[in-house]
Amino acid sequence: MKVRKNDNVIMRNGKDSGKTGKILFTFPSENRVVVEGLNLVKRHLRARRQGQKGQIVNKERSVNVSSVQLMCPKCSKPTRIGYLLEGDSKVRICKKCNGEI
Ligand SMILES: [Zn+2]
């Protein structure tokens with residue numbers, strides 16, 4: 001997967017298309033990510049104890065990594081990620097501005 005935790009991404013389809021958010025979790029084996037504030041589903045929590053109220057909370061559901069695109073922190077445009085070899089380490093670069101990500 002090319003995106004990582006804490007990357008800013010933009011949703012490319014679904015009801016949150018065009019919205020941006022930060023990646024909270026990645027699930028590389030399933031190619032899925034959880035983006036903060038996006039793809040929310042309502043969870044109805046039942047009261048567990050007496051006197052406690054049931055409540056509805058919004059929770060992020062994971063989305064397929066192909067539905068999101070990285071927002072470049074340098075040129076703040078949605079971009080694709082390229083790699084550059086610098087010595088022994090791989091550096092991620094923005095395909096649009098060639099800036100290091
Ligand atoms: Zn860029």
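Just so you know, ligand 1 is whichever comes first in the structure, and atom 1 is the first atom listed for that ligand. In what follows, every heavy atom counts, from backbone to side chain, and hydrogens, waters and symmetry copies are set aside. Bear in mind that the values here come from a model prediction, so they are computed numbers and not experimental data.
A 4.5 Å side-chain heavy-atom check between Lys2 and Leu70 finds every atom pair outside the cut-off.
Atoms CG and CD, on Asn8 and Glu36 in that order, are 9.0 Å from each other to the nearest 0.5 Å. We find the SG-NZ distance between Cys72 and Lys77 to be 9.0 Å, quoted to the nearest 0.5 Å.
Only protein N, O or S atoms were considered, and those under 2.8 Å from the Zn ion (ligand 1) are Cys72 SG, Cys75 SG, Cys94 SG, Cys97 SG.
In this structure a side-chain-to-backbone donor-acceptor pair under 3.5 Å is missing from Lys42 to Val57. Judged by distance alone, with hydrogens and angles left aside, the side-chain atoms of Gln52 form a donor-acceptor pair with the main-chain N or O of Arg49 at under 3.5 Å.
Residues satisfying the salt bridge (charged side-chain N to carboxylate O under 4.0 Å, His left out) test with Arg92, not counting sequence neighbours, are Asp7.
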